[in-house]
Participant: 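I have a structure I would like to understand better, so I am pasting it below and will then ask my questions one at a time.
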There are 2 protein chains.
Amino acid sequence: MHRADTNRPRPPAARQATLREHNLALVARAVFEAGGPCSRADVASATGLTRATVSTLVEQLLGARIIAELPPLAPQRAGRPAVPLVPAARTVVGLGLEVNVDYLGCRVLDLAGAVVAEHVEPDDLHDCDPSVVLGRLGRLARALVAHVEEDGMTVAGATLALPGLVDVRSARLEVAPNLGWSRLDPLPLLGLDTGGDARTLAVTVANEAKLAALAQSARGPDSDDRPRADVPDTYLYVSGDVGIGSAIVVDRRIFHGRHGWAGEIGHVVVDPSGPRCRCGATGCLEQYAGKDALLRGAGLAPGDATSDLLAALEAGETAALTCLRRAGTALGSALADYVNLVDIDTVLLGGIYPPLLPYLRAPVEAELRSRVLAAPWAALHVDAAPVDHHAALTGGAREVLRGVVEHPTRWVEG
Amino acid sequence: MHRADTNRPRPPAARQATLREHNLALVARAVFEAGGPCSRADVASATGLTRATVSTLVEQLLGARIIAELPPLAPQRAGRPAVPLVPAARTVVGLGLEVNVDYLGCRVLDLAGAVVAEHVEPDDLHDCDPSVVLGRLGRLARALVAHVEEDGMTVAGATLALPGLVDVRSARLEVAPNLGWSRLDPLPLLGLDTGGDARTLAVTVANEAKLAALAQSARGPDSDDRPRADVPDTYLYVSGDVGIGSAIVVDRRIFHGRHGWAGEIGHVVVDPSGPRCRCGATGCLEQYAGKDALLRGAGLAPGDATSDLLAALEAGETAALTCLRRAGTALGSALADYVNLVDIDTVLLGGIYPPLLPYLRAPVEAELRSRVLAAPWAALHVDAAPVDHHAALTGGAREVLRGVVEHPTRWVEG
DNA sequence: CGGATAAGTTCAGCCATACGACTTAAATGA
DNA sequence: TCATTTAAGTCGTATGGCTGAACTTATCCG
């Protein structure tokens, strides 16, 4: 059994240019994480660099259009007034793409976190043809890219979100049950790198739930769905739908595991003597807390909407209430395993769960209290995910922009 | 709900000295990971630094006694013969300490990976007094430190391994059920930093299974228990005993989670209608595959040894065989959850499991095949952990030495 | 109006690495 | 035996990024 990582690559040698890259990224991060306009002097004291150095670096970031200067505010203290620095709006942008069972679309975000453009087409994409659908998405994306480029923006890259097992390193989709796709390389089918002009757009693929998870983190625009609670940098995100996906977010980055398949909570064992799952095993979480199981348990049809379920619950229907208690216990049991294994104390529930949370919370928390070994020593937080409206589009675009902020050198002097 | 990590610290500004530190560590790593003597020129081509720079850095590492030169080998090619560089033996050393239910001890490892000194005292430490036992361990450690320092070695630090929930950041032990300890700060009780001389020895604490996990990784001396198979850099380590601990190792580092409590596989749900666990919940893995459960299931007494169980199995006793099949299925079910959640494809079984592996393997693998969602696309490897003889002592010492290799600057020019 | 205060800029100095030339040390072969 | 070849390791200059102190700019305050 030989494996590739036995001689993992060493980091490259550091030279003067490496210093620059590091400090450029440091200054960029300081501006982005300041939570408001900040001066060069603020950045200097936040980073530990001298004001002289910060000035040089800021100059480069301005030139790269990664940050921007605002007109000086009315000064309130003695001393020369500061020039406010902010993330640049509508200059360098990221593109999020997604194909999911009920829609396909793309969204462009700028560095300030604002949605610059988007195009979402609801559709039923169960068992569709990958090349047709991805070709269609590619055309949408090209149109959107052309549009924002006409306005002088630069698209830094794109991330494609797919609801299935995506190998992040080979950019290969192994299987997406609900789309009926398997074993394909989605990127060539988008036709983005062979567009009209000769430029190539860097595109990556990732699992939809993982990208949605990234959209939850605190910093960024608060122009989104819900008022943004203070989301920590490390949390578990669980997205309920027909399947149940999840992601481990550590310091605002996805923990991918070996292939990018971490977080498959939908098939965690809840009860081995439980119902058979479509995966072949028995008693998987999905069979208790997946969308189909919830609807079936409440006496609704598989095609019904979450709102029907919610109506049944609000009407006090016993079948629905019982089913949700059962689902909550199952979800709590699986989350307890999750927390026991990875020791992360915040769980954000997304997908179909946020409106159902009032019915799920008690059994989930009861199960966590009794099953999480460390529960007596560290409080656990279970909350609704703040962003859910096509979160993977936002997450994908943000992932691109994170790359820009963390590696600004590529955009300097271009 | 306010949490501390919302404003996580930024990395420090990089300056010239940072470059040095980085490249010094790079050169050190190159020598340590070469797998044999290597020349300055080898290091240069491995790192991408010039030979001139490597010479300077090697000079410093030699001065810090982190690496050493060997007498030149009989040259086989034309050209000036290389001066072989190797990790230094018996210069800078790491100290591993451990208190466990059946022994306490300490072990000193040098940078070459050799055991320089050790002192292990078997004892029954169920429900012992922490201050007495830790005081005793501290005295052992001081004696060992004095001994190796007389031989001219420098102890770089120490790591204390404890079988319980250890908060790695506060160095606090929350609970260690089998020792009967709870809520205590173990480090002061060791009395190592207030020793006879005024020096302070940096000591950290960690969970025993996690440190044992670190002892498994491939590089390092092969003077240990078993012939070292090629262990990858990323794997799950599971240690069976009365309780079942585990660790997630990614790129040869422990994934600690929020507090250092990741890997509590012993209380993953196997069957909610199963037996009650001492943790209060029902159907935890420990109740199927923990040592007590195995002995009880095989009709043996709780105090019996693993060898008795093995004898019963080899004699073909039905109760023992059935019990191990059941344990294997339970372990496989829990491991399947683990792999589904963290996507790591190698599992090393340690503790009492290696000799039992022939009886566990089939049910474990069957369960993994049917329950791991990604099983069709990536082979899983379940193996016996190569190191098990007081592995946490080795892991703890290695952890200290990893710090030396990755941050050599502190040892240069001292 | 002038001193205090603070933001931002300029410039000499330092330091680590690169690059090319040089030295050292062995094998090779006429 | 001795020049040639090959490769390891060292030396000296050049480059580039950061620092620190002095300087300029711009505002407030008495």
Side-chain angles (χ1 to χ4, degrees), chain A residues 11-27 30-31 34 37-62 67 69-86 408-409 412-413, chain B residues 11-28 30-31 34 37-63 67 69-86 408-409 412-413:
Chain A
R15 45 209 70 196
Q16 306 284 76
T18 317
L19 266 193
R20 188 51 30 136
E21 280 172 42
H22 178 100
N23 287 336
L24 211 46
L26 197 65
V27 168
V31 173
C38 62
S39 67
R40 290 165 172 77
D42 292 338
V43 173
S45 72
T47 57
L49 293 162
T50 61
R51 283 176 304 161
T53 307
V54 169
S55 275
T56 315
L57 297 171
V58 160
E59 209 55 42
Q60 299 206 44
L61 292 173
L62 288 170
I67 63 177
E69 290 182 333
L70 292 182
L73 293 157
Q76 27 257 26
R77 322 171 278 189
R80 174 173 171 176
V83 179
L85 301 172
V86 289
T409 315
V412 169
E413 276 203 337
Chain B
R15 46 208 69 197
Q16 309 284 75
T18 317
L19 262 193
R20 241 296 123 106
E21 282 173 42
H22 179 100
N23 287 336
L24 212 45
L26 197 65
V27 169
V31 173
C38 62
S39 68
R40 289 164 172 79
D42 292 338
V43 173
S45 72
T47 57
L49 294 162
T50 61
R51 284 176 301 162
T53 306
V54 169
S55 274
T56 315
L57 298 171
V58 160
E59 209 54 42
Q60 300 206 45
L61 293 173
L62 288 170
I67 63 176
E69 289 182 333
L70 291 183
L73 293 157
Q76 29 258 27
R77 318 172 283 188
R80 176 173 168 174
V83 179
L85 300 171
V86 290
T409 315
V412 169
E413 276 202 336

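Quantities reported herein were computed from a predicted structural model and do not represent experimental measurements. Here is the naming used below: chain letters follow the sequence lines, and residue numbers restart at 1 for every chain.
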Participant: With a 4.5 Å cut-off on side-chain heavy atoms, are B:Val83 and B:Pro72 touching?
Facilitator: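 No, side chains not in contact.
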
Participant: Go through the steps to decide whether A:Leu57 and A:Val43 satisfy the test side chain to side chain contact (heavy atoms under 4.5 Å, CB included), and finish with yes or no.
Facilitator: CA-CA 11 Å; A:Leu57 297 171; A:Val43 173; over 6 Å; no

Participant: Mind running a 4.0 Å heavy-atom check of residues 14-26 of chain B against DNA chain D and sending the residues that fall below it, in number order?
Facilitator: B:Ala14, B:Arg15, B:Gln16

Participant: Which atom names give the shortest non-hydrogen contact between B:Thr47 and B:Ala30, and what distance separates them?
Facilitator: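 So the minimum-distance heavy-atom pair works out to CG2-CB, 4.0 Å.
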
Participant: Which atom pairs, one a donor and one an acceptor, fall under 3.5 Å between side chains of residues 14-21 of chain A and the rest of the protein, sequence neighbours left out?
Facilitator:
| residue | atom | partner | partner atom | Å |
| --- | --- | --- | --- | --- |
| A:Arg15 | NH2 | B:Gly48 | O | 3.4 |
| A:Thr18 | OG1 | A:Arg15 | N | 2.9 |
| A:Thr18 | OG1 | A:Arg15 | O | 3.3 |

Participant: Contact class for A:Val54 (heavy atom, under 4.0 Å): base, sugar-phosphate, or nothing?
Facilitator: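 A:Val54: no heavy atom of the nucleic acid under 4.0 Å.
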
Participant: Between A:Ala44 and A:Arg51, which heavy-atom pair has the shortest distance, and what is it?
Facilitator: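 Result for this residue pair: CB-CG, 3.8 Å.
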
Participant: Output the rounded distance in Å from CD (A:Glu59) to C1' (D:dG17).
Facilitator: 16 Å

Participant: Could you measure the distance from the OG1 atom of A:Thr53 to the CG atom of A:Leu24? Nearest 0.5 Å is fine.
Facilitator: 12.0 Å

Participant: Partners of B:Pro37 by side chain to side chain contact (heavy atoms under 4.5 Å, CB included), sequence neighbours excluded?
Facilitator: B:Leu70, B:Pro84, B:Val86

Participant: Minimum heavy-atom separation for A:Leu26 to B:Ala13, with atom names?
Facilitator: CD2-CA, 3.5 Å

Participant: To 10°, what angle do the rotation axes through the five end pairs on each side of the helix from C:dC1-D:dG30 to C:dA30-D:dT1 form?
Facilitator: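 The angle, to the nearest 10 degrees, is 20°.
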
Participant: Looking at A:Ser39, does any N or O in its side chain come under 4.0 Å of the phosphate oxygens OP1/OP2 on C:dG8?
Facilitator: yes

Participant: Between atom CG in A:Leu62 and atom P in C:dG8, what is the gap in whole Å?
Facilitator: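 My rounded result for the distance is 11 Å.
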
Participant: Which parts of nucleotides 19-30 of chain C does protein reach within less than 4.0 Å, heavy atoms only, written one letter per nucleotide 5' to 3' as B for base, S for sugar-phosphate only and - for none?
Facilitator: B----BBBS---

Participant: Test: side chain to side chain donor-acceptor pair (under 3.5 Å). Region: residues 69-85 of chain A. Which pairs qualify, not counting sequence neighbours?
Facilitator: A:Arg40-A:Glu69

Participant: Which pair of non-hydrogen atoms, one from B:Ile67 and one from B:Leu62, has the smallest distance, and what is that distance?
Facilitator: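 In this case the closest contact between B:Ile67 and B:Leu62 is O-CD2, 3.5 Å.
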
Participant: Nearest whole angstrom, please: distance from the P of C:dC15 to the CD of B:Gln60.
Facilitator: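 Whole-Å distance recorded here is 13 Å.
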
Participant: Does a side-chain N or O from B:Ser55 land closer than 4.0 Å to OP1 or OP2 of D:dG9, or not?
Facilitator: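 Answer is no, no contact under 4.0 Å.
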
